[in-house]
Amino acid sequence: MAPQLVLYAAAIIGARDFPCAGPQAFPLLRSTKIMPHGPHADTISSDDAPAVSVVVPVFNAMPYLRELLDSLAAQDLEASAFEVFLVDDGSTDGGSEYMDDFATRHPNVTVHHQENHGWPGQPRNLGIASTTGRYVFFADADDVLAPQALRELVAFADIHGSDVVIPSMAGTHGRVVPPWLYIKTDVDVALPKAFKTLAPQKLYRRSLLVDNDILFPLEKVRLEDGIFNAQAYLLAKRISVLGGETLYFLRNRDDGQNISSGGFDPAGYTGSLASICDAVVAASLAPDVTADVLAGLYRRKCLKIYTPGRFERYSEKRRQAWLEAHGAFIERFIPESVENRLAEPYKSRSALVRRKDAEALLDLGRNEEDPRVTAAFWGGRPLEDGSLELFFEASVVGRFEMPSLVCELRHRDGNGLMAVPVKRDQRIQTVYSKAGLFRGILTAQALNDLRAGTHDFFLATYIDRKYITSRVRRPESSGLPITDSRMHFYGTGQGNFSLSVAN
């Protein structure tokens, strides 16, 4: 058994581990069906054990719960191959009766009713303890699974030996889900990429969770999913993304009752993030990997507070609370060597947060309203006709929609420029209006015409008759295009994407 990796969120710091997940920790008021297996039943060989257990915490999720349950009933995996474990956390909207009725019609469904606990960690831990599938999948009561989701996830994990499989996800009813993580399948996901998604809607190998005592915090803390996933990611032998066709749909509820939609305390939220980063640092990863993970978490979870229009809406007291919390976080986890890995405008934001300069941050936010494009290389491959297909991630800052873009290859000596049109990948065009994946083709003739020397990649556009350009960053985790004796793609020391052409 691997050593237990214990995380503490700000609200539960103390000289104790997370409580045991055994049945005695979960007093049940009543059960529609009682399952005869113990919390470690997956370690016992059983021919009739299901392949996967779907665990769903439920609290006042009607009418959305109907769609979730219908999508589970519609799975094309045989019903005997999966079980559904619904934890009714004291619902008062008629959902309890609906779940009971559903369970009577579906033998692979179990409902446990309990007094309201108030947070999904305890119900999910109960699900781990009370089910027997080789894999565990956590679903939310207001989301929907594609009919093939469980079958494809289980088959993929079995074939590749994955401990964690991240399904291709999309948002519905106005929910924004960054698309590029899920475009393509990746059998071995690098940790910096995996840490871009901390939501629990994933397939986990049960033995990974049970053998390492990986549990959700029981208390009501922010980023509890991240605390759980940090343990899973850092102990997993293989993390994968099953990309392509969407398997899981995240809903934005009309009633605004998504847990993530509520407000949060700056000190508590940042304390939870610190507990995740403590685990990353303690894992003794390669220095570059640790730095990339920390920089990514910091950019997405801290620096988002200072985006244009957001920071200025806070009261002066709340601005100061965020700066105090983030200042302490920077001292512990973000030396200048990590800060230097950030692209603009995040690097400039971070420098001002380090100084706790609220007025300068407000000024920077106003300046960021001006048009700005950021770009990074995403992937590439040679085509049969000798041309090269390239993909770029691009996003814009400012009050306008994503414009048309051109990829420019600029010769380092300043005496040559090749422009290649790039088009937005239609598969994600409707997902997020200010970020996307763009595709361009360097034809065989264009490649042959490139002069010897170094060519730097830029993405450029015109916005309101203003020429806007951005240096293309090198990939964080994806590979570089295949090179030959004449052409060599590489990342520069400043983190940019370039091409060297020999004579």
Side-chain angles (χ1 to χ4, degrees), residues 52 54-76 82 84-96 98-99 102 106 109 111 116 118-121 123-124 127 136-150 152-153 165-183 196-204 216 222-226 228-229 241-264 300 304 427-435:
V52 57
V54 181
V55 176
V56 187
V58 183
F59 175 71
N60 287 353
M62 296 292 282
Y64 314 103
L65 177 63
R66 295 190 183 100
E67 291 186 47
L68 181 276
L69 295 181
D70 286 345
S71 75
L72 289 171
Q75 291 297 301
D76 60 16
F82 73 99
V84 178
F85 192 82
L86 305 171
V87 182
D88 174 23
D89 199 35
S91 295
T92 59
D93 63 348
S96 301
Y98 189 85
M99 285 183 278
F102 186 84
H106 297 86
V109 176
V111 184
N116 179 252
W119 210 244
R124 289 178 181 142
V136 178
F137 186 90
F138 298 107
D140 279 356
D142 43 19
D143 295 334
V144 174
L145 283 77
Q148 74 277 22
L150 295 181
E152 291 192 2
L153 287 166
V165 182
I166 303 167
S168 177
M169 292 192 277
T172 65
H173 298 79
R175 180 81 173 263
V176 175
V177 176
W180 41 77
L181 180 64
Y182 312 109
I183 293 297
K196 289 182 178 181
T197 168
L198 298 179
Q201 293 87 358
K202 300 173 177 64
L203 187 81
Y204 302 87
F216 291 87
R222 284 291 178 177
L223 294 177
E224 79 283 356
D225 300 337
F228 176 88
N229 273 311
V241 168
L242 180 51
E245 189 174 3
T246 301
L247 298 178
Y248 193 91
F249 297 88
L250 293 153
R251 176 192 289 271
N252 189 42
R253 287 175 58 160
D254 298 331
D255 59 6
Q257 293 304 304
N258 300 79
I259 290 177
S260 59
S261 64
F264 42 88
R300 290 186 297 277
K304 67 179 182 181
R427 292 170 293 180
I428 62 172
Q429 187 166 4
T430 61
V431 176
Y432 186 41
S433 63
K434 291 200 173 186

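Under the rule for a side-chain contact (heavy atoms from CB on, under 4.5 Å), Ala74 has no partner lying at least two apart in sequence or in another chain.
Annotation: cation-pi pair Arg222/Phe264 absent, no NZ/CZ under 6.0 Å from the ring centroid and within 45° of its normal. Arg66 forms a cation-pi arrangement with Tyr98, by the criterion of a distance under 6.0 Å to the ring centre and an angle within 45° of the ring axis.
Distance check, rounded to the nearest 0.5 Å: CD of Glu67 to CZ of Phe249 gives 11.5 Å. For the atom pair CD of Glu245 and CD of Glu152, the computed distance is 7.0 Å after rounding to the nearest 0.5 Å. Here CD of Gln75 is found 4.0 Å from CG of Leu150. Values are rounded to the nearest 0.5 Å.
Side chains of Gln201 and Leu250 form a contact here, defined as non-hydrogen atoms less than 4.5 Å apart. At least one side-chain heavy atom of Thr246 sits less than 4.5 Å from a side-chain heavy atom of Ser168. Using a 4.5 Å heavy-atom threshold, the side chains of Phe137 and Leu153 count as touching. In this structure, the side chains of Phe59 and Pro123 stay at 4.5 Å or more apart for every pair of heavy atoms.
Of the listed residues (Leu247, Leu242, Thr197, Leu203), just one forms a side-chain contact (heavy atoms from CB on, under 4.5 Å) with Ile166, and that residue is Thr197.
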Notebook entry, point to check: Going through the checks in order, is the salt bridge (Lys or Arg N to Asp or Glu O under 4.0 Å) test met by Arg124 and Asp140?
Noted result: CA-CA 10 Å; Arg124 289 178 181 142; Asp140 279 356; 2.9 Å; yes
Check: Would Asn60 and Thr92 satisfy side-chain contact (heavy atoms from CB on, under 4.5 Å), going step by step from the backbone distance to the final call?
Finding: CA-CA 6 Å; Asn60 287 353; Thr92 59; 3.4 Å; yes
Notebook entry, point to check: After noting the C-alpha distance and the side-chain angles of Leu72 and Leu145, does the key distance pass the side-chain contact (heavy atoms from CB on, under 4.5 Å) rule?
Noted result: CA-CA 7 Å; Leu72 289 171; Leu145 283 77; 4.2 Å; yes
Next item on the list: Go through the steps for Leu69 and Leu86 under the test side-chain contact (heavy atoms from CB on, under 4.5 Å), then give the verdict.
Entry: CA-CA 10 Å; Leu69 295 181; Leu86 305 171; 3.9 Å; yes
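A distance of 6.0 Å or more separates the ring centres of Tyr248 and Phe138.
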